[in-house]
There are 2 protein chains.
Amino acid sequence: MRDNNEMPGHLARRFQQIAVAVFLAEVEEAGFDLTPVQYAALAAIKTNPGIDQVTLAGLIAYDRTTITGVVDRLVQKGLLVRNPSSRDRRARELQITEAGKRTLRGITPAVEAAQRTMLRGLTEKEGADLMRLLRKAIAAGNELSRAPLREAELR
Amino acid sequence: MRDNNEMPGHLARRFQQIAVAVFLAEVEEAGFDLTPVQYAALAAIKTNPGIDQVTLAGLIAYDRTTITGVVDRLVQKGLLVRNPSSRDRRARELQITEAGKRTLRGITPAVEAAQRTMLRGLTEKEGADLMRLLRKAIAAGNELSRAPLREAELR
DNA sequence: GAATATTGCTCAGTATGCTGATTATCAGTA
DNA sequence: TACTGATAATCAGCATACTGAGCAATATTC
């Protein structure tokens with residue numbers, strides 16, 4: 001049997017595990033209570049006001065059934081509002097609130113610090129290489145997961 | 001705000017997401033029903049018969065509270081047995097069953113295929129580079145997660 | 001325009017992964 | 001030996017992720 005350290009799947013799990021722990025630690029230290037997933041959703045909604053949940057899920061590669069709970073919790077925290085769409089009564093339009101914008105602004109330095117901490121064992125060039133290789137592997141495997149990344153479409 | 005593609009945390013999540021999907025697809029196609037986490041636990045127990053749950057968790061970097069459920073499900077499937085330790089009545093000794101060994105043998109080609117599929121967008125050298133950089137980043141961040149990798153100790 | 005297919009969202013169920021607490025046991029020491 | 005601290009396992013609770021199903025609404029096709 002191959003050693004775990006030779007298994008990309010194992011390494012993927014470990015790196016993600018560390019990345020989440022680092023994110024949560026930096027964010028908590030900055031006085032915020034937001035998960036990586038919640039942060040990505042909030043940032044995407046700020047950039048795309050009025051986006052519906054399916055499009056949001058595609059933008060950040062979340063499963064459509066996961067996004068429901070994530071949005072629930074962001075609404076619960078008062079960082080988002082979720083309103084029925086006027087154009088399509090099936091859809092919900094997501095808008096960031098003022099509190100959401102304040103949270104995003106305040107949390108950004110901690111998020112940036114977390115990204116650096118995740119790569120702290122690597123040189124600048126190694127970090128860039130790692131990201132480049134991850135992007136390439138992800139692009140090739142995008143369609144293999146149930147929640148592939150999707151470009152936003154104009155409506 | 002930095003683009004998601006420049007965030008190691010986002011890339012880590014995406015790569016892990018694809019890795020799990022690929023693993024499950026290859027394993028199901030081979031006629032087995034085992035998650036990546038269950039596979040790693042089963043393989044580690046085969047290599048270390050009689051291991052206790054905390055040591056197992058350290059070997060594969062699982063949280064101690066997660067391992068309980070994973071072992072539960074492997075026992076449920078008849079691939080493991082969990083017996084009280086004679087040396088330490090707090091601990092449980094884990095042993096792989098014959099069915100567990102058969103499953104491991106049968107599933108190995110699918111697991112190997114999955115590892116290749118995860119890297120299918122990369123050249124041989126790029127895949128090796130990616131694994132090397134992940135190992136280095138993980139080594140530097142090992143202690144940052146609640147479930148760091150731990151060497152097994154002789155008892 | 002009616003039948004059909006598709007889409008947006010939600011839900012129930014399952015599996016990680018974590019925080020923090022509890023229980024039983026063990027190990028070291030006063 | 002009694003006390004203290006540490007340890008193995010489990011539990012309750014919460015947050016991703018996924019499968020598969022269902023409902024309501026929209027889009028397509030005949």
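We name chains A, B, ... by the order of the sequence lines, and we start the count at 1 in each one. Every value quoted in this text rests on a predicted model; they were computed, and no experiment measured them.
Between the CZ atom of B:Phe23 and the OG1 atom of B:Thr117 there is a distance of 12.0 Å, given to the nearest 0.5 Å. Atom OG1 of A:Thr68 is separated from atom CZ of A:Arg82 by 7.0 Å, given to the nearest 0.5 angstrom.
Residue B:Thr35 is in sugar-phosphate contact alone, with no base atom involved, counting any heavy-atom pair closer than 4.0 Å across all strands shown. Contacts of A:Val20 with the nucleic acid, taken as non-hydrogen atoms under 4.0 Å apart, are absent. Within the nucleic acid shown, B:Ala21 has no heavy atom closer than 4.0 Å to any nucleic acid atom. Within the nucleic acid shown, A:Gln16 comes within 4.0 Å of sugar-phosphate atoms alone, with no base atom in reach, counting heavy atoms only.
Here A:Glu6 pairs with B:Arg135 in a salt bridge; the nearest charged N to carboxylate O distance falls below 4.0 Å. We find that A:Arg150 and A:Glu143 are joined by a salt bridge, their nearest charged nitrogen and carboxylate oxygen being less than 4.0 Å apart.
Remark: side-chain polar atoms of A:Arg14 are not paired, donor with acceptor, to backbone N or O of A:Asn5 under 3.5 angstrom.
One can place CG of B:Leu34 at 11 Å from P of C:dA15, the figure rounded to the nearest angstrom. Between the CG atom of A:Leu74 and the P atom of D:dT16 there is a distance of 8 Å, given to the nearest Å. For the pair A:Arg64 CZ and D:dT16 P, the interatomic distance rounds to 18 Å; values are reported in whole Å. Distance A:Gln17 CD to C:dT16 C1': 11 Å, rounded to the nearest Å. With rounding to whole Å, B:Glu93 atom CD is found 14 Å from D:dA9 atom C1'. Look at CD1 on A:Ile67: it is 15 Å from P on C:dC11, rounded to the nearest Å. The distance between atom CZ of B:Arg92 and atom P of D:dT7, rounded to the nearest whole Å, is 19 Å. Distance CZ (B:Arg73) to C1' (C:dT14): 8 Å, rounded to an integer number of Å.
Candidate nucleotides D:dA15, C:dT16, C:dC9 were compared by shortest atom distance to the side chain of A:Asp52, and C:dC9 ranks first. For B:Thr65, whose side chain is taken as the heavy atoms from C-beta onward, the closest listed nucleotide among C:dC18, C:dT10, D:dA9 is C:dC18. Residue A:Ala91 has its side chain nearest to C:dC9 when only C:dC9, C:dG17, D:dA17 are considered.
Contact between the side-chain N/O atoms of A:Thr68 and the OP1/OP2 oxygens of C:dT10 is found at a separation under 4.0 Å.
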All N/O pairs under 3.5 Å across the protein-nucleotides 25-28 of chain D interface:
residue: D:dA25; atom: N3; partner: A:Arg90; partner atom: NH1; Å: 3.4
residue: D:dT26; atom: OP1; partner: A:Arg89; partner atom: N; Å: 3.3
residue: D:dT26; atom: OP2; partner: A:Arg89; partner atom: NH2; Å: 3.4

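Along DNA chain C, the nucleotide closest to A:Gln53 and the one closest to A:Arg13 are compared, and the more 5′ of them pairs with A:Gln53.
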